[in-house]
Each structure stands twice: as structure tokens, then as C-alpha cells.
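Just so you know, ligand 1 is whichever comes first in the structure, and atom 1 is the first atom listed for that ligand.
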Amino acid sequence: MAILLIRNDKDYQPWIDAFQEYDASLEVVTPEMDHDPDAVTMAMTWKAPEGSFKGYDHLQVIGSLGAGVDHLFADPSLPENVQLTRVVDEKLSGDMQEFVLGLCLNHIKNLHFYAQQDREWKPQPYLRVENVHVGILGFGTLGQAVGAKLKSVGFQVSGWSKTAKNVDGIKSYTETELDDFLNISQILVCLLPLTEKTSGILNQTLFQQLPENAFLINVARGGHLVETDLLESIENGHLYGAALDVFNKEPLSQDHAFWKHPKVLITPHVASNSNPPTVVEQIVENFRRMKNGEPLKNTVSSERGY
Ligand code: NDP
């Protein structure tokens, strides 16, 4: 039995090294290597090109090498009779916690928006953590980790998810309570999975429900945001600005308005990346479970889309 790696960027070496280091007896192959497709029972992928699984008739598991799984469902030829998995990893959560905390502090202290290049000595009023309410849209693995971190430094925090959550000191809002949740979110952090239901959720209607001067942080997927609605809401003064790590089209086109927008801080999808040495352990554990017919860890529901 072999594990097949498929990545759009073909950056295989860190993964092959990590598997080798963890268990040298494992057979790990890539599409470019000479291998027997019938021996492949598990495929671990990141944005596999459409149709990549054709010819692998013995696949039992297809997994995402990251936390997000929208790239799996983007392939209409994704086999139906396989189990789907994703990555849940403390390092991934830790990196996301630090990234969002950095952005929240950057925003409330105006660090990014001082225009140093204009040689202007112009102090701005700033906010204190205890007076700022952060709403986390998508209160799952990463959302809860980020929420707990923000809470620990003194921010007021709420989370919004399909089902109610019980996290110390953080109010949990469910699907039907979106309006109440938005009304108090001075900083809105999107950490939703991209699904049919959440696509385009960051739009004009939602922005209107945020308090005046609210700030958006999107570290989930570009497909959540209606970019023109964001620009309009900043333009008309309702939103203060935004920090965006993800975009509809990545990399961002050279002529995109975000590059030079004074109220939009952009980063190239770097909030939190899978770390091969820590992630291979759970993949190998699932490979073992698959072989023994045991329930897998970190499964994904094709019905829910996440
Ligand atoms: P989880 O599946 O653990 O959490 C998703 C959360 O969203 C859950 O709380 C879920 O609710 C909620 N949710 C989903 N659909 C709805 C809906 N229709 N209405 C209300 N709530 C909903 O995912 P993770 O926290 O692990 O990851 C979140 C996303 O972060 C990933 O899908 C990925 O796109 C993105 N990401 C971005 C990275 C970056 O570098 N920028 C890095 C890693 C991930 P419930 O719990 O009730 O099911």
C-alpha cells in the first residue's frame, strides 16, 4: 500500500523528507515517480489539478494537506466512494493565533496606517484591548484557538458557528443569531470554510450590520469576500479598513486596487501553513487506521462541505 502526494506547486521534497524521517518503511510516491497506481490507497493533496485521481482505482482516502478542503470539492471528478480528511494541527492553530493577534493589535494602535513615507507627524487616537470587541465568524478549530488567544490578552470576543460552542469567557452565537453577533463586532475575523453557504458572505449587507468604523480581517478564503462591496464600504466610510490574507484570484493581479489602497493591508496567503514534520504523524496514523478498518481522525463531511 502506498501514499500518493499531489500538489499543484509540486513542492514535494519537504513532505517526502518528513515521511522518510518519521517512518522510512512507508512507500510515498508522487505522480511524477514511477509507481503502481493499484498500490495507492491514500492520496494526500493540495490543490490537485482536476482529474488527478483518474486511474487510481484502489483509493480509500483522499486528504487535504491543509486545514481547508474547498480545493478538494472544486474537482467535479473527486471520487465519491472515498473517505475525506484534512489537517488539524497545533502548529497551524498557533501560527493563525499569532497572525490574527498581530493584525488586531496593528489595527487598534494604527501601526500600519501611519503614513511614514509622507513625512507627516500626525498622532492618531488609539484603542485599548478591553474596549474592543472581536467577532470570529467561523468558530471551529482555528476560530476557537484565535478567540482564546485574543481573550487572553484582554480583547472582548464572540464566536459565530452553526452549532453552539462552550469556550471560557467567549459568547457563542449560532446560525440564526448572525445579526446580534455582527452588531457588536468592531473587528470581524473570518475563519469560515468556503462552502456553497458561506461563499460571498462578506458582502455589503453583512458590512452594514457591523458597527460604524468596523475593521475586517479575512484569513479564510478569497471566495468569502465580495471585493467591490468591501471597497465601497470603506469608500463610504462605514468600514475603517481591512486586512486580507486571501483573495478570489491568487496571486493578486498586478493592477488590483488592493495593492495601493491606504486602508487595505494585504498579505500573500501566509497566515498559517502546514508544517510537514508535525503533520505527517496524523497522516501516518490515518494510514494505519485505514489499513485496520478503524475510524479516521480529522474527517471531512462531503454533505456539509467542510
Ligand atoms: P473548522 O471546520 O474547524 O471550523 C469551521 C467553523 O465554521 C465551524 O465552527 C463551523 O460551525 C463554522 N461554519 C461552517 N459553515 C457555517 C455556516 N454556514 N454557518 C455558520 N457557521 C458555519 O475549520 P478550521 O477552523 O480548521 O479552518 C477554517 C478555515 O480557515 C479553513 O477552511 C481554511 O479555509 C482557512 N484557513 C486559512 C489559512 C490561511 O493561511 N489563510 C490557513 C488554514 C486555514 P460548526 O462548528 O457548528 O460546524
(request) Give the residue and atom name of whichever protein heavy atom lies nearest to atom 27 (O) of ligand 1, and the separation in Å to one decimal. (result) L142 CD1, 3.5 Å

(request) Check each atom of ligand 1 against the heavy atoms of G138 and keep those under 4.0 Å away; list them by number with element. (result) 6 (C), 7 (O)

(message) I'd like to check E27 versus M1 (side-chain heavy atoms, cut-off strictly below 4.5 Å). Are they in contact?
(response) no

(request) List the steps, then state whether side-chain contact (heavy atoms from CB on, under 4.5 Å) holds for H224 with L194. (result) CA-CA 7 Å; H224 289 123; L194 184 63; 3.7 Å; yes

(message) Less than 6.0 angstrom from the centroid, inside 45 degrees of the normal: does K122 satisfy that with respect to the ring of Y114?
(response) no

(message) Tell me whether the rings of F247 and F258 are parallel (<30°), tilted (30 to 60°) or perpendicular (>60°).
(response) tilted

(message) If we only consider heavy atoms of V219, is any one of them less than 4.0 Å away from an atom in ligand 1?
(response) yes

(request) Using non-hydrogen atoms of the residue, decide whether L192 is closer than 4.0 angstrom to ligand 1. (result) yes

(request) Give the intermediate values and the outcome of side-chain contact (heavy atoms from CB on, under 4.5 Å) for residues L5 and T45. (result) CA-CA 6 Å; L5 298 177; T45 73; over 6 Å; no

(message) Starting from atom 48 (O) of ligand 1, what is the nearest protein heavy atom, named by residue and atom, and what distance separates them?
(response) Y306 OH, 2.5 Å

(request) Using non-hydrogen atoms of the residue, decide whether R304 is closer than 4.0 angstrom to ligand 1. (result) yes

(request) Go through the steps to decide whether I16 and Q13 satisfy the test side-chain contact (heavy atoms from CB on, under 4.5 Å), and finish with yes or no. (result) CA-CA 5 Å; I16 291 172; Q13 209 51 53; 4.1 Å; yes

(message) Please work out, at 4.0 Å between heavy atoms, whether the side chain, the backbone, both, or neither of D245 comes within that distance of ligand 1.
(response) side chain

(message) Need the ligand 1 atom indices (1-based, order shown) with element for anything under 4.0 Å from a heavy-atom of M96.
(response) 37 (C), 38 (C), 39 (C), 42 (C)

(message) Is there a side-chain contact between K171 and F181 in this structure, where contact means two heavy atoms from C-beta onward sitting under 4.5 Å apart?
(response) no

(message) For atom 23 (O) of ligand 1, what is the closest protein heavy atom, and at what distance to 0.1 Å?
(response) R86 NH1, 3.6 Å

(message) Checking Y12 now: which residues fulfil ring-ring contact (aromatic ring centres under 6.0 Å, His included) with it, not counting sequence neighbours?
(response) none

(request) Run the numbers on F19 and V284 for side-chain contact (heavy atoms from CB on, under 4.5 Å), then give the verdict. (result) CA-CA 8 Å; F19 276 110; V284 177; 3.9 Å; yes

(request) For atom 28 (C) of ligand 1, grab the closest protein heavy atom and report residue, atom and distance to one decimal in Å. (result) L191 O, 3.3 Å

(request) Using non-hydrogen atoms of the residue, decide whether F99 is closer than 4.0 angstrom to ligand 1. (result) no

(message) Suppose we measure from atom 42 (C) of ligand 1 to each protein heavy atom; which comes out shortest, and what is that distance?
(response) S272 O, 3.2 Å

(message) For D9, is there an ion pair with R7 - N to carboxylate O distance below 4.0 angstrom?
(response) yes

(request) Just say parallel, tilted or perpendicular for the rings of F215 and Y240, cut-offs at 30° and 60°. (result) tilted

(request) Among residues two or more places apart or on two chains, list those pairs meeting side chain to side chain donor-acceptor pair (under 3.5 Å) that have a residue in residues 177-194. (result) T174-E177

(message) Using a strict threshold of under 4.0 Å (side-chain N to carboxylate O), is an ion pair present between E294 and R288?
(response) yes

(message) For ligand 1 and D70, I'd like to know whether there is a polar contact (N/O to N/O, distance under 3.5 Å).
(response) no

(request) Enumerate the atoms of ligand 1 whose separation from the nearest heavy atom of H269 is less than 4.0 angstrom. (result) 39 (C), 40 (O), 41 (N)

(request) Please confirm whether G66 comes under 4.0 Å of ligand 1, counting heavy atoms of the residue only. (result) no

(message) Give me the residue, atom name and distance of the protein heavy atom closest to atom 17 (C) of ligand 1.
(response) K162 CE, 3.9 Å

(request) Check ligand 1 against T163 and write out every atom of the ligand that is under 4.0 Å from a heavy-atom position of the residue. (result) 45 (P), 46 (O), 47 (O)

(message) Under a 4.0 angstrom heavy-atom cut-off, which atoms of ligand 1 come close to G140?
(response) 3 (O), 4 (O), 6 (C), 8 (C), 9 (O), 25 (O)

(message) Using a 4.0 Å cutoff against the non-hydrogen atoms of G68, which atoms of ligand 1 qualify?
(response) 31 (C), 32 (O), 33 (C)

(request) Could you tell me which atoms of ligand 1, counted from 1 in the order shown, lie closer than 4.0 angstrom to a heavy atom of F139? (result) 6 (C), 9 (O)

(request) Provide, to 0.1 Å, the distance between atom 19 (N) of ligand 1 and the closest protein heavy atom, together with that atom's residue and name. (result) W160 CH2, 3.3 Å

(message) Please list the nearest protein heavy atom to atom 7 (O) of ligand 1 with its residue and the distance rounded to 0.1 Å.
(response) P193 CD, 3.3 Å

